[in-house]
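This report refers to the structure that appears directly beneath it.
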Amino acid sequence: MLLKIPLPWLQLTREKTRLLVAIAGIGFADLLMFMQFGFRDALFESAITFHSKLDGDIFLTSTQSTALIALKSFPQRRLYQALAFDGVESISPMYIGLGLWKNPDPTKRNTRQIMVIGIDPSQRSFILPSVTEKQEQIKMPDLLLFDDASRAEFGPVKDYFESGKIVETEIENRRIKVGGLFTLGASFGADGNAITSDLNFLRIFNKRKKGIIDIGIIHLKPGTDVQKVVSEMRARLPNDVRISSKAEFVEVERKYWEESTAIGFIFTLGAGMGFIVGIVIVYQILYTDVSDHLPEYATLKAMGYKDIYFLGVVFQEAIILAIIGYLPGFAISTVLYNLGRTATSLPMYMTVAKAITVLILTFVMCCASGAVAVRKLSAADPADIF
(Lines give C-alpha, C1' and ligand atoms only; values in the text may rest on other atoms or scores of the structure.)
Protein backbone atom coordinates (compact mmCIF):
# COMPACT_ATOMS: atom_id res chain seq x y z
CA MET A 1 0.00 0.00 0.00
CA LEU A 2 2.83 2.41 0.80
CA LEU A 3 4.22 2.04 -2.73
CA LYS A 4 0.91 3.32 -4.12
CA ILE A 5 0.83 6.54 -2.10
CA PRO A 6 2.40 8.75 -4.85
CA LEU A 7 -0.54 8.18 -7.21
CA PRO A 8 -3.22 9.31 -4.71
CA TRP A 9 -1.08 12.27 -3.68
CA LEU A 10 -0.54 13.37 -7.29
CA GLN A 11 -4.25 13.10 -8.00
CA LEU A 12 -5.12 15.20 -4.96
CA THR A 13 -2.54 17.89 -5.67
CA ARG A 14 -3.40 18.12 -9.38
CA GLU A 15 -6.35 20.35 -8.52
CA LYS A 16 -4.98 22.72 -5.90
CA THR A 17 -8.24 24.57 -5.37
CA ARG A 18 -10.18 21.37 -4.86
CA LEU A 19 -7.58 20.18 -2.35
CA LEU A 20 -7.79 23.42 -0.38
CA VAL A 21 -11.58 23.19 -0.33
CA ALA A 22 -11.30 19.62 0.97
CA ILE A 23 -8.85 20.64 3.71
CA ALA A 24 -11.08 23.54 4.72
CA GLY A 25 -14.15 21.32 4.78
CA ILE A 26 -12.55 18.58 6.86
CA GLY A 27 -10.96 21.15 9.15
CA PHE A 28 -14.35 22.80 9.68
CA ALA A 29 -15.98 19.44 10.44
CA ASP A 30 -13.22 18.65 12.94
CA LEU A 31 -13.51 22.12 14.44
CA LEU A 32 -17.23 21.62 14.92
CA MET A 33 -16.69 18.25 16.59
CA PHE A 34 -13.90 19.61 18.80
CA MET A 35 -15.99 22.54 19.99
CA GLN A 36 -19.04 20.41 20.72
CA PHE A 37 -16.97 17.86 22.64
CA GLY A 38 -15.13 20.71 24.36
CA PHE A 39 -18.27 22.40 25.65
CA ARG A 40 -19.83 19.07 26.60
CA ASP A 41 -16.78 17.97 28.59
CA ALA A 42 -16.46 21.42 30.17
CA LEU A 43 -20.07 21.12 31.27
CA PHE A 44 -19.55 17.75 32.92
CA GLU A 45 -16.20 18.72 34.44
CA SER A 46 -17.45 22.03 35.84
CA ALA A 47 -20.56 20.33 37.19
CA ILE A 48 -18.53 17.99 39.40
CA THR A 49 -15.64 20.31 40.32
CA PHE A 50 -17.43 21.44 43.48
CA HIS A 51 -18.17 17.82 44.49
CA SER A 52 -14.62 16.63 43.85
CA LYS A 53 -13.19 19.42 46.03
CA LEU A 54 -15.27 18.51 49.07
CA ASP A 55 -13.42 16.82 51.92
CA GLY A 56 -15.49 13.89 53.11
CA ASP A 57 -16.16 10.18 52.82
CA ILE A 58 -19.97 10.06 52.93
CA PHE A 59 -22.47 12.74 51.91
CA LEU A 60 -26.07 13.29 52.93
CA THR A 61 -28.52 15.15 50.71
CA SER A 62 -32.28 15.33 50.54
CA THR A 63 -33.91 12.64 48.42
CA GLN A 64 -35.73 15.49 46.65
CA SER A 65 -32.44 17.03 45.48
CA THR A 66 -31.57 16.43 41.84
CA ALA A 67 -28.40 18.46 41.37
CA LEU A 68 -26.29 21.17 42.98
CA ILE A 69 -28.45 23.88 41.42
CA ALA A 70 -31.61 22.20 42.70
CA LEU A 71 -30.76 21.19 46.27
CA LYS A 72 -33.50 20.69 48.82
CA SER A 73 -32.82 21.19 52.50
CA PHE A 74 -33.14 18.58 55.24
CA PRO A 75 -32.85 18.59 59.06
CA GLN A 76 -29.33 18.67 60.48
CA ARG A 77 -30.36 16.09 63.06
CA ARG A 78 -29.87 13.43 60.35
CA LEU A 79 -26.21 14.40 60.41
CA TYR A 80 -26.08 14.11 64.18
CA GLN A 81 -27.69 10.68 63.94
CA ALA A 82 -24.83 9.60 61.69
CA LEU A 83 -22.44 10.06 64.63
CA ALA A 84 -23.93 6.94 66.21
CA PHE A 85 -22.47 4.66 63.53
CA ASP A 86 -19.20 2.86 64.06
CA GLY A 87 -16.33 4.35 62.12
CA VAL A 88 -17.69 7.92 61.96
CA GLU A 89 -15.08 10.42 63.10
CA SER A 90 -16.74 13.81 62.56
CA ILE A 91 -19.50 15.60 60.69
CA SER A 92 -19.76 18.94 58.94
CA PRO A 93 -22.97 20.70 57.81
CA MET A 94 -23.06 22.80 54.65
CA TYR A 95 -25.49 25.47 53.47
CA ILE A 96 -25.86 26.41 49.78
CA GLY A 97 -27.64 29.52 48.54
CA LEU A 98 -27.81 31.72 45.45
CA GLY A 99 -27.70 35.44 46.12
CA LEU A 100 -27.27 38.69 44.23
CA TRP A 101 -23.69 39.96 44.32
CA LYS A 102 -23.05 43.65 43.70
CA ASN A 103 -20.00 44.49 41.61
CA PRO A 104 -17.53 46.36 43.90
CA ASP A 105 -16.35 48.47 40.95
CA PRO A 106 -17.92 51.90 41.70
CA THR A 107 -18.17 52.67 37.98
CA LYS A 108 -20.48 49.70 37.32
CA ARG A 109 -22.28 48.40 40.43
CA ASN A 110 -24.15 45.77 38.42
CA THR A 111 -25.51 42.69 40.19
CA ARG A 112 -25.04 39.00 39.35
CA GLN A 113 -26.12 35.80 41.01
CA ILE A 114 -23.39 34.06 42.99
CA MET A 115 -23.39 30.75 44.85
CA VAL A 116 -22.71 31.24 48.55
CA ILE A 117 -21.46 28.24 50.55
CA GLY A 118 -21.80 28.23 54.31
CA ILE A 119 -19.55 25.86 56.28
CA ASP A 120 -18.67 25.14 59.88
CA PRO A 121 -15.23 26.81 60.25
CA SER A 122 -14.23 24.33 62.94
CA GLN A 123 -14.62 21.30 60.65
CA ARG A 124 -13.02 20.11 57.40
CA SER A 125 -15.20 20.81 54.39
CA PHE A 126 -12.90 21.41 51.41
CA ILE A 127 -9.60 19.91 50.29
CA LEU A 128 -8.56 23.33 48.97
CA PRO A 129 -5.60 24.68 50.99
CA SER A 130 -6.67 28.24 50.14
CA VAL A 131 -9.90 27.55 52.05
CA THR A 132 -8.65 25.45 54.97
CA GLU A 133 -5.91 27.98 55.76
CA LYS A 134 -8.47 30.80 56.05
CA GLN A 135 -11.28 29.07 57.92
CA GLU A 136 -10.46 30.96 61.11
CA GLN A 137 -10.90 34.25 59.23
CA ILE A 138 -14.43 33.54 58.07
CA LYS A 139 -15.53 33.30 61.70
CA MET A 140 -15.45 37.09 61.69
CA PRO A 141 -18.86 38.68 61.04
CA ASP A 142 -19.75 39.38 57.41
CA LEU A 143 -16.43 38.16 56.02
CA LEU A 144 -16.14 35.67 53.17
CA LEU A 145 -13.73 34.13 50.69
CA PHE A 146 -14.19 34.85 46.98
CA ASP A 147 -13.56 32.44 44.10
CA ASP A 148 -10.97 34.16 41.90
CA ALA A 149 -11.98 31.88 38.98
CA SER A 150 -15.46 33.42 38.89
CA ARG A 151 -16.62 35.24 35.78
CA ALA A 152 -15.35 38.76 35.18
CA GLU A 153 -18.83 40.23 35.60
CA PHE A 154 -18.43 39.98 39.38
CA GLY A 155 -15.87 42.75 39.20
CA PRO A 156 -12.10 43.15 39.69
CA VAL A 157 -12.17 41.46 43.09
CA LYS A 158 -8.90 39.58 42.60
CA ASP A 159 -7.06 42.68 41.35
CA TYR A 160 -8.37 44.79 44.23
CA PHE A 161 -7.49 42.19 46.85
CA GLU A 162 -4.01 41.41 45.55
CA SER A 163 -3.19 45.11 45.34
CA GLY A 164 -4.01 45.50 49.04
CA LYS A 165 -7.28 47.31 48.52
CA ILE A 166 -10.14 46.51 50.91
CA VAL A 167 -12.93 44.80 48.98
CA GLU A 168 -16.38 45.52 50.35
CA THR A 169 -19.66 44.93 48.55
CA GLU A 170 -23.12 43.49 49.10
CA ILE A 171 -24.80 40.10 48.80
CA GLU A 172 -28.59 40.09 49.13
CA ASN A 173 -28.33 43.73 50.28
CA ARG A 174 -26.09 42.81 53.22
CA ARG A 175 -22.71 44.47 53.48
CA ILE A 176 -19.83 41.98 53.36
CA LYS A 177 -16.04 42.05 53.15
CA VAL A 178 -13.75 39.80 51.12
CA GLY A 179 -11.12 38.32 53.43
CA GLY A 180 -9.35 36.01 51.00
CA LEU A 181 -9.36 34.23 47.66
CA PHE A 182 -9.68 30.61 46.59
CA THR A 183 -9.97 28.86 43.24
CA LEU A 184 -12.89 26.63 42.36
CA GLY A 185 -14.23 27.79 38.99
CA ALA A 186 -17.53 28.65 37.38
CA SER A 187 -19.98 26.04 36.17
CA PHE A 188 -23.14 25.98 34.05
CA GLY A 189 -25.09 26.29 37.28
CA ALA A 190 -23.11 29.06 38.97
CA ASP A 191 -20.99 31.82 37.45
CA GLY A 192 -19.14 32.45 40.69
CA ASN A 193 -18.68 31.18 44.24
CA ALA A 194 -18.12 32.52 47.73
CA ILE A 195 -17.43 30.65 50.99
CA THR A 196 -18.25 31.90 54.46
CA SER A 197 -19.14 30.55 57.90
CA ASP A 198 -22.52 29.01 58.60
CA LEU A 199 -23.41 31.95 60.86
CA ASN A 200 -22.49 34.51 58.21
CA PHE A 201 -24.49 32.51 55.67
CA LEU A 202 -27.57 32.74 57.88
CA ARG A 203 -27.00 36.49 58.26
CA ILE A 204 -26.96 36.90 54.48
CA PHE A 205 -29.93 34.62 53.89
CA ASN A 206 -31.92 35.68 56.93
CA LYS A 207 -34.98 33.67 55.94
CA ARG A 208 -33.07 30.39 56.18
CA LYS A 209 -33.37 28.51 59.46
CA LYS A 210 -30.39 27.26 61.41
CA GLY A 211 -30.23 23.48 61.39
CA ILE A 212 -31.92 23.10 57.98
CA ILE A 213 -28.92 22.24 55.83
CA ASP A 214 -28.31 21.33 52.18
CA ILE A 215 -25.37 18.90 52.36
CA GLY A 216 -24.10 16.81 55.23
CA ILE A 217 -20.44 15.79 55.16
CA ILE A 218 -19.29 12.77 57.14
CA HIS A 219 -15.65 11.94 57.84
CA LEU A 220 -14.76 8.37 58.69
CA LYS A 221 -11.90 7.10 60.78
CA PRO A 222 -8.87 5.90 58.77
CA GLY A 223 -9.26 2.33 57.56
CA THR A 224 -13.04 2.27 57.81
CA ASP A 225 -14.94 0.47 55.04
CA VAL A 226 -16.92 3.27 53.38
CA GLN A 227 -19.42 1.04 51.56
CA LYS A 228 -20.16 -0.91 54.74
CA VAL A 229 -21.00 2.29 56.65
CA VAL A 230 -23.07 3.58 53.72
CA SER A 231 -25.08 0.35 53.68
CA GLU A 232 -25.67 0.52 57.43
CA MET A 233 -26.82 4.14 57.22
CA ARG A 234 -29.18 3.37 54.36
CA ALA A 235 -30.72 0.60 56.41
CA ARG A 236 -31.15 2.56 59.64
CA LEU A 237 -31.55 6.26 58.78
CA PRO A 238 -34.94 7.65 57.65
CA ASN A 239 -35.49 7.61 53.89
CA ASP A 240 -35.77 11.40 53.59
CA VAL A 241 -32.00 11.61 52.98
CA ARG A 242 -29.86 10.20 50.19
CA ILE A 243 -26.65 8.60 51.52
CA SER A 244 -23.76 8.47 49.07
CA SER A 245 -20.08 7.75 48.97
CA LYS A 246 -18.02 10.47 47.34
CA ALA A 247 -17.88 8.59 44.03
CA GLU A 248 -21.66 8.14 44.07
CA PHE A 249 -22.15 11.78 45.05
CA VAL A 250 -20.12 12.89 42.03
CA GLU A 251 -21.85 10.42 39.70
CA VAL A 252 -25.33 11.65 40.64
CA GLU A 253 -24.37 15.17 39.56
CA ARG A 254 -22.75 14.00 36.34
CA LYS A 255 -25.71 11.81 35.44
CA TYR A 256 -28.12 14.69 36.03
CA TRP A 257 -26.42 16.89 33.45
CA GLU A 258 -25.83 14.02 31.05
CA GLU A 259 -29.25 12.37 31.16
CA SER A 260 -31.79 14.72 32.77
CA THR A 261 -31.04 17.83 30.73
CA ALA A 262 -31.00 18.49 27.01
CA ILE A 263 -27.57 20.11 27.13
CA GLY A 264 -25.53 16.93 26.88
CA PHE A 265 -27.71 15.66 24.04
CA ILE A 266 -27.42 18.95 22.17
CA PHE A 267 -23.63 18.96 22.25
CA THR A 268 -23.45 15.31 21.21
CA LEU A 269 -25.90 16.02 18.39
CA GLY A 270 -23.76 18.96 17.29
CA ALA A 271 -20.69 16.72 17.11
CA GLY A 272 -22.70 14.21 15.09
CA MET A 273 -23.73 16.94 12.66
CA GLY A 274 -20.09 17.89 12.20
CA PHE A 275 -19.32 14.26 11.42
CA ILE A 276 -22.10 14.13 8.79
CA VAL A 277 -20.93 17.41 7.24
CA GLY A 278 -17.42 15.99 6.95
CA ILE A 279 -18.68 12.82 5.24
CA VAL A 280 -20.61 14.83 2.67
CA ILE A 281 -17.68 17.14 1.92
CA VAL A 282 -15.12 14.34 1.56
CA TYR A 283 -17.54 12.27 -0.52
CA GLN A 284 -18.05 15.13 -2.95
CA ILE A 285 -14.29 15.64 -3.30
CA LEU A 286 -13.49 11.96 -3.82
CA TYR A 287 -16.48 11.33 -6.10
CA THR A 288 -15.48 14.25 -8.30
CA ASP A 289 -11.89 13.03 -8.37
CA VAL A 290 -12.97 9.52 -9.39
CA SER A 291 -15.28 10.90 -12.07
CA ASP A 292 -12.53 13.13 -13.52
CA HIS A 293 -10.10 10.23 -13.74
CA LEU A 294 -12.56 7.60 -14.85
CA PRO A 295 -10.92 7.07 -18.29
CA GLU A 296 -7.51 6.54 -16.67
CA TYR A 297 -8.99 4.12 -14.15
CA ALA A 298 -10.79 2.30 -16.95
CA THR A 299 -7.50 1.90 -18.84
CA LEU A 300 -5.86 0.39 -15.78
CA LYS A 301 -8.88 -1.83 -15.30
CA ALA A 302 -8.61 -3.05 -18.89
CA MET A 303 -4.94 -3.80 -18.27
CA GLY A 304 -5.92 -6.23 -15.51
CA TYR A 305 -5.89 -4.13 -12.34
CA LYS A 306 -8.47 -5.38 -9.85
CA ASP A 307 -11.07 -3.37 -7.98
CA ILE A 308 -9.08 -3.84 -4.76
CA TYR A 309 -6.29 -1.75 -6.28
CA PHE A 310 -8.62 1.17 -7.02
CA LEU A 311 -10.20 0.83 -3.60
CA GLY A 312 -6.72 1.14 -2.09
CA VAL A 313 -5.98 4.26 -4.12
CA VAL A 314 -9.20 6.00 -3.07
CA PHE A 315 -8.74 4.97 0.56
CA GLN A 316 -5.21 6.39 0.51
CA GLU A 317 -6.62 9.66 -0.79
CA ALA A 318 -9.15 9.59 2.04
CA ILE A 319 -6.43 8.98 4.64
CA ILE A 320 -4.26 11.78 3.24
CA LEU A 321 -7.23 14.14 3.35
CA ALA A 322 -8.01 13.05 6.93
CA ILE A 323 -4.49 13.84 8.13
CA ILE A 324 -3.97 17.18 6.41
CA GLY A 325 -7.55 18.27 7.18
CA TYR A 326 -7.27 17.29 10.84
CA LEU A 327 -4.19 19.42 11.55
CA PRO A 328 -5.75 22.88 11.00
CA GLY A 329 -8.92 21.78 12.80
CA PHE A 330 -6.86 20.69 15.80
CA ALA A 331 -4.76 23.87 15.83
CA ILE A 332 -7.72 26.26 15.56
CA SER A 333 -9.68 24.31 18.19
CA THR A 334 -6.79 24.59 20.64
CA VAL A 335 -6.80 28.36 20.22
CA LEU A 336 -10.59 28.53 20.61
CA TYR A 337 -10.42 26.37 23.72
CA ASN A 338 -8.11 28.91 25.31
CA LEU A 339 -10.39 31.77 24.27
CA GLY A 340 -13.45 29.91 25.54
CA ARG A 341 -11.79 29.16 28.88
CA THR A 342 -10.90 32.81 29.31
CA ALA A 343 -14.32 34.09 28.28
CA THR A 344 -16.50 31.62 30.22
CA SER A 345 -14.22 30.44 33.07
CA LEU A 346 -15.20 26.89 32.11
CA PRO A 347 -12.55 24.13 32.09
CA MET A 348 -12.13 23.80 28.32
CA TYR A 349 -8.88 21.94 27.65
CA MET A 350 -7.49 20.00 24.71
CA THR A 351 -6.90 16.53 26.10
CA VAL A 352 -5.16 13.56 24.52
CA ALA A 353 -8.36 11.52 24.69
CA LYS A 354 -10.32 14.24 22.91
CA ALA A 355 -7.66 14.69 20.23
CA ILE A 356 -7.50 10.93 19.56
CA THR A 357 -11.30 10.61 19.51
CA VAL A 358 -11.71 13.29 16.85
CA LEU A 359 -8.77 11.91 14.86
CA ILE A 360 -10.39 8.46 14.79
CA LEU A 361 -13.72 9.99 13.78
CA THR A 362 -11.93 11.87 11.01
CA PHE A 363 -10.41 8.66 9.65
CA VAL A 364 -13.79 6.92 9.83
CA MET A 365 -15.46 9.91 8.18
CA CYS A 366 -13.01 10.00 5.28
CA CYS A 367 -12.81 6.22 4.77
CA ALA A 368 -16.63 5.93 4.79
CA SER A 369 -16.80 8.64 2.14
CA GLY A 370 -14.13 6.85 0.10
CA ALA A 371 -16.02 3.56 0.31
CA VAL A 372 -19.14 5.19 -1.09
CA ALA A 373 -17.29 7.17 -3.76
CA VAL A 374 -15.43 4.13 -5.12
CA ARG A 375 -18.70 2.36 -5.95
CA LYS A 376 -18.94 4.40 -9.13
CA LEU A 377 -15.56 3.08 -10.20
CA SER A 378 -16.36 -0.53 -9.29
CA ALA A 379 -19.44 -0.46 -11.51
CA ALA A 380 -17.60 1.12 -14.45
CA ASP A 381 -17.04 -1.01 -17.57
CA PRO A 382 -14.02 -0.04 -19.72
CA ALA A 383 -15.95 -0.89 -22.86
CA ASP A 384 -18.74 1.54 -21.91
CA ILE A 385 -16.30 4.34 -21.15
CA PHE A 386 -14.42 4.09 -24.44
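The structure presented is a predicted model; accordingly, all values stated were derived computationally and were not measured.
A 4.5 Å side-chain heavy-atom check between L79 and I218 finds at least one atom pair inside the cut-off. Proximity of F182 to D148: side-chain heavy atoms (C-beta onward) are nowhere separated by under 4.5 Å. In this structure, the side chains of D105 and P156 come closer than 4.5 Å at one or more pairs of heavy atoms. Using a 4.5 Å heavy-atom cutoff, the side chains of L144 and I195 are not in contact. A 4.5 Å side-chain heavy-atom check between T183 and L128 finds every atom pair outside the cut-off.
Each of E168, E170, E153 was evaluated against K102; a single residue qualifies, E170, per the salt bridge (charged side-chain N to carboxylate O under 4.0 Å, His left out) test. Screening R254, R234, R242 for a salt bridge (charged side-chain N to carboxylate O under 4.0 Å, His left out) with E248, the sole residue that qualifies is R234.
Heavy atoms only, all atoms of each residue included: L184 and T49 are closest at O-CG2, 3.4 Å. Taking both residues in full, the closest heavy atoms of N193 and S150 are given as N-OG, 3.3 Å, listed atom of the first, atom of the second, then distance. Of all heavy-atom pairs spanning T63 and N239, the tightest one is CG2-O, 3.3 Å. The two atoms that bring Y160 and P106 nearest to each other are OH-CD, 4.0 Å, heavy atoms only. Minimum interatomic distance between D240 and P75 (heavy atoms only, all atoms of both residues): OD2-CD, 4.4 Å. Here the closest non-hydrogen pair linking I217 and L54 is CD1-CD2, 4.5 Å.
Residues satisfying the ring pair (Phe, Tyr, Trp, His ring centres under 6.0 Å) criterion with F74, sequence neighbours excluded, are absent altogether. Partners of E162 under the side-chain hydrogen bond (donor to acceptor under 3.5 Å, both in side chains) rule, at least two apart in sequence or in another chain, do not exist in this structure. Under the side-chain hydrogen bond (donor to acceptor under 3.5 Å, both in side chains) criterion, N103 pairs with N110, sequence neighbours left out.
In the hydrophobic cluster analysis, where Ile, Leu, Val, Met, Phe, Trp and Tyr join through side-chain heavy atoms closer than 4.5 angstrom, I323 is grouped together with I285. Linking ILVMFWY residues whenever their side-chain heavy atoms come closer than 4.5 Å, directly or via other members, leaves L31 and L20 in distinct clusters. Hydrophobic cluster membership is shared by M350 and L327, with clusters built from Ile, Leu, Val, Met, Phe, Trp and Tyr side chains linked at under 4.5 angstrom.
Between R203 and D142 there is no salt bridge, since no side-chain N of the basic residue sits under 4.0 Å from a carboxylate O of the acidic one. Contact check on D214 versus R208 returns a salt bridge, with a Lys/Arg side-chain nitrogen under 4.0 Å from an Asp/Glu carboxylate oxygen. Checked for salt-bridge contact, E258 and K255 miss the test: no charged N lies under 4.0 Å from a carboxylate O. Under a 4.0 Å N-O distance rule, the pair K246/D57 does not qualify as a salt bridge.
By the neighbour-count criterion of 12 heavy atoms within 6.0 Å, atom NZ of K354 is densely surrounded, having more than that number from other residues, nucleotides or ligands. Counting heavy atoms of neighbouring residues, nucleotides and ligands inside a 6.0 Å radius, atom CZ of F85 exceeds 12 of them. No more than 12 heavy atoms of other residues, nucleotides or ligands sit less than 6.0 Å from atom NZ of K108.
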Check residues 36-48 and write down every donor-acceptor pair under 3.5 Å in which the side-chain atom is one partner and the other belongs to a residue at least two apart or another chain.
{"residue": "S46", "atom": "OG", "partner": "A42", "partner atom": "O", "Å": "2.8"}
{"residue": "S46", "atom": "OG", "partner": "L43", "partner atom": "O", "Å": "3.0"}

Anything under 3.5 Å between a donor and an acceptor, one on a side chain of residues 89-96, the other on a protein residue two or more places apart or in another chain? List them.
{"residue": "S90", "atom": "OG", "partner": "H219", "partner atom": "ND1", "Å": "3.1"}
{"residue": "S92", "atom": "OG", "partner": "S125", "partner atom": "OG", "Å": "3.0"}
{"residue": "Y95", "atom": "OH", "partner": "G211", "partner atom": "N", "Å": "3.0"}

Per-pair distances, 0.1 Å, donor-acceptor, side chain in residues 223-233, under 3.5 Å, sequence neighbours excluded:
{"residue": "T224", "atom": "OG1", "partner": "K221", "partner atom": "O", "Å": "2.8"}
{"residue": "D225", "atom": "OD1", "partner": "Q227", "partner atom": "N", "Å": "3.2"}
{"residue": "D225", "atom": "OD1", "partner": "K228", "partner atom": "N", "Å": "3.3"}
{"residue": "S231", "atom": "OG", "partner": "Q227", "partner atom": "O", "Å": "2.9"}

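Aromatic ring orientation, F249 versus F59: parallel (interplanar angle below 30°, classes split at 30° and 60°).
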